Amino acid sequence: MSVRVRIAPSPTGYLHVGTARAALYNWLFARGRNGQFILRSDDTDSERNALEYHTDIIESLRWLGLDWDEGIEIGGPHAPYQQSLRYDRYRDVAMDLLERGLAYYSFASSEQLDEFRKEAQAAGKTPAYDGRFKLAPEEAADRIAAGESAPIRMAVPRPGATTFHDVVRDEVTFDHAQVDDFVILRSDGSPTYHLASTVDDVDFEITHVVRGEDILSSTPKHIVLTKAMGAIPPTYGHLALLMGPDGKKLSKRHGHTALSAYRQAGILPEAMVNYLALLGWSPGDDETIVSLADMIDRFDLDEVTKNPTIFDNDKLEWMNGVYIRKLTVTDFVARVTPLVESHLGRQLDGREAAQLAAIAPQVQERAKRLAEVADQVSFIFGDVVYDETSWEKVMTKDEAAIVLPAALSAVATLEEWTTESIENALRNMLTETELSARKGLQPIRVAISGSTVSPPLFESIEVLGRDEAVSRLESAIARVGSQ
RNA sequence: GCCCCCAUCGUCUAGUGGCCUAGGACUCCGCCCUUUCAAGGCGGCAACAGGGAUUCGAAUUCCCUUGGGGGCACCA
C-alpha cells in the first residue's frame with residue numbers, strides 16, 4: 001500500500017512555523033516513499049475561521065515549495081478536502097455509531113460534568129468523564145424525539161486501554177481511565193475535531209498521521225473511533241513541539257510564529273525549509289546545509305528527534321545568509337527589487353534599477369535578510385539622510401574638515417568614473433593628507449551614505465554617479481563648516 | 001492534582017557497549033584579512049541532570065529521583 005499522509009491545518013490563524021515543520025516532514029516522507037501528500041482544511045470551528053488564514057496557509061506552503069497531490073485548491077479523488085463541506089458524512093458516521101451502541105446521546109449537564117471533574121481531581125484521579133450519567137437508550141431516544149438536543153458522545157470501552165506504536169516514540173499506552181467519553185457530534189449537529197479528523201483520515205485512506213505532540217493524548221480517541229468505524233488505524237507519529245527561547249511552547253509573545261512573517265522579513269524559502277528540517281532531524285555526516293531534493297533521499301520519520309526544540313532565530317538568519325550568498329546576482333536582484341521598492345514606496349526607474357544591480361554584489365555578501373538590504377541600499381535613491389550618531393562620531397573630528405574638500409577635488413575632475421579610478425584618486429588623497437584609510441575614508445562614507453556603516457565606499461561612489469557624489473560632498477562640507 | 005512524552009555544550013544536534021581525553025553547526029570570545037559593517041579564514045570557551053543496577057567496560061541497557069514539555073472542553 002502506498003504511503004498517504006496529510007497536513008490538516010485549521011484556518012483559525014496564519015500557518016504556524018510548527019505546522020510548517022510538520023508539513024515538511026510529512027511531505028519529505030511522502031516524496032521519499034513515492035507516496036501522496038494531501039492538504040486538508042480542518043475548518044470545523046466556524047467561529048474563528050477566516051478566509052485570510054485559509055489563503056495564508058496555501059500561499060505559505062507553496063512558498064516553501066511543498067506541493068500537494070490532493071487537497072484544497074486542486075481537488076482529487078476524495079474531494080472535497082474541506083471539512084465544512086462534509087458535515088453530512090460526519091453526521092452519518094455519528095448516527096451509525098449511535099445505532100450500533102458505540103456512541104450515545106449525552107444529557108449530562110455541564111454542572112454535573114464540572115462537579116464530576118472536580119471530585120475526580122480531588123480524589124487524585126484524572127478528570128475524564130466515564131459516562132456514568134448515561135441514560136438508557138430508550139429514555140435518551142424519547143427525549144430527542146421530544147425535541148431536546150444533546151451532543152453525542154463516544155462510549156469508550158471500559159475497562160480498557162489503547163496501545164499503539166508511534167513512529168517517533170515507539171510504544172505508547174493510555175489506560176481508558178484517562179480517556180473521557182468525548183463528544184463527537186455537538187448538540188447543534190456539527191462534528192468535533194476528533195470525529196471530523198478521524199473520519200477524514202479513514203475516508204482519505206491516510207496511512208500515516210504525523211502531527212504535533214500536543215495531540216498525543218488524543219490519539220487513543222482517534223484509534224477508538226477508527227476501530228468503531230471498522231477501519232484499521234493509521235500509523236501515528238508525534239513530533240515534539242517547537243519552543244520559544246524560554247522553553248515554553250512557541251507563541252506570539254516570542255516573536256513571529258507565522259511563517260509568512262519570516263517571508264516578509266526576507267527569509268528565503270530555501271533557508272526556511274533547511275532550517276525547519278534540522279529542527280528535530282539531522283542528515284548525519286555533520287552537514288548543515290541540505291537542499292530539499294537532498295533531504296528527500298535522506299529523510300526518514302524514525303530518525304526524528306523526540307525532544308522539544310527551541311526555535312533559534314540567530315541560526316535561521318545565519319543560514320539565510322548562507323543561502324543569500326549562494327544566489328546568482330541576477331536572482332538576488334530579482335528577489336530584492338520588490339523589497340527595495342516597497343521600502344521606497346515607489347517603483348525604481350531604469351537608471352535606479354541599474355544602480356541597484358551594480359551595488360547588489362556588494363550587499364549580497366553581507367546580508368542576512370533580504371529586508372535589510374532595502375535599508376542598506378536606500379542611500380542611493382533619493383536624498384542623503386545623515387544618521388546623527390554617525391555624524392557625531394566622525395564629522396566633528398578634525399580629519400573631516402581636511403578630508404572632505406580634498407576628496408571633492410580629487411574626485412570632481414576625474415576623467416574616468418570607475419571604482420578603480422575613484423579608489424586611486426582617493427588613495428592618493430590619503431597619501432597627500434597623510435591619513436590612514438580608516439580615519440580618512442569614514443568622513444567620506446558619511447558624506448556619501450549618511451552613515452558610518454555602508455556598502456564598500458568606492459563602489460558606492462561609482463554607483464551614485466559623479467554629479468550626486470560631488471553634490472553630497474559639497475553638502476557635507478557646508479554642514480561641517482557651519483558647526 | 002492526574003495521565004502521557006522527553007533529558008548530550010546557552011541553542012539545534014552526532015553518538016545505538018569499547019573507535020569518546022564526546023564530533024559538527026549557531027551563538028559568544030580572540031587572532032587574521034580589511035575603507036566601515038559584514039562575509040571569509042584560523043583558533044578558543046562550552047555538555048553526557050543526579051543516584052543506583054547490569055557489564056571486563058557505559059553518553060549508549062534497566063530502575064529511581066530531579067528537571068522540562070504536552071494534555072486533561074459541546075477548541076483544534
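Computed from a prediction, not measured in an experiment: that's the story for all the values here. Here is the naming used below: chain letters follow the sequence lines, and residue numbers restart at 1 for every chain.
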Is the ring pair A:Phe164/A:Phe174 parallel, tilted or perpendicular, if the boundaries are 30 and 60 degrees? parallel

Just checking, any donor-acceptor pair under 3.5 angstrom between side chains of A:Ser454 and A:Ser451?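 No, A:Ser451 and A:Ser454 have no side-chain donor paired with an acceptor closer than 3.5 Å.
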
Would the base of B:C72 count as contacting A:Ser217 through its side chain, where contact means a donor and an acceptor less than 3.5 Å apart? no

Could you check whether the side chain of A:Arg445 and the base of B:U35 have a donor-acceptor pair of N or O atoms closer than 3.5 Å, going by distance alone?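 Indeed there is one.
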
Options [options], nucleotide nearest the side-chain atoms of [X]:
| X | options | answer |
| --- | --- | --- |
| A:Trp318 | B:C5, B:U35, B:C26 | B:C26 |
| A:Arg169 | B:C12, B:C6, B:A76 | B:C6 |
| A:Pro308 | B:C74, B:C4, B:C6 | B:C6 |
| A:Leu113 | B:A25, B:U36, B:C74 | B:C74 |
| A:Thr305 | B:U13, B:G69, B:C2 | B:U13 |
| A:Pro151 | B:C74, B:G23, B:C37 | B:C74 |
| A:Asp312 | B:U11, B:G69, B:A76 | B:U11 |
| A:Lys306 | B:C6, B:U36, B:U27 | B:C6 |
| A:Gln121 | B:C2, B:G1, B:U35 | B:G1 |

Between A:Arg48 and B:A76, is there a contact of a side-chain N or O with OP1 or OP2 at under 4.0 Å? no

Hey, is the side chain of A:Arg366 poking within less than 4.0 Å of OP1 or OP2 on B:U36, counting only N and O atoms?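 For B:U36, neither OP1 nor OP2 has a side-chain N or O of A:Arg366 closer than 4.0 Å.
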
In a check of side chain to side chain donor-acceptor pair (under 3.5 Å) between A:Ser84 and each of A:Asp45, A:Asn49, A:Asp43, which one passes?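 Running side chain to side chain donor-acceptor pair (under 3.5 Å) over A:Asp45, A:Asn49, A:Asp43 with A:Ser84 returns exactly one hit, A:Asp43.
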
Rounded to whole angstroms, how far apart are CD1 on A:Ile289 and P on B:C26? 9 Å

Using whole Å, report how far CD of A:Glu423 lies from P of B:U36.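 Going from A:Glu423 (CD) to B:U36 (P), I get 12 Å.
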
Given the options A:Leu97, A:Asp181, A:Leu135, A:Ile152, A:Tyr104 meets side chain to side chain contact (heavy atoms under 4.5 Å, CB included) only with A:Asp181

Matching residue for A:Arg211 among A:Leu239, A:Thr219, A:Ile7 - test: side chain to side chain contact (heavy atoms under 4.5 Å, CB included): A:Thr219

For A:Pro9, report the nucleic acid contact type (base, sugar-phosphate, nothing); a contact means any heavy atom under 4.0 Å. nothing

Classify the nucleic acid contact of A:Glu213 as base, sugar-phosphate or nothing, counting any heavy atom under 4.0 Å across all strands shown. base

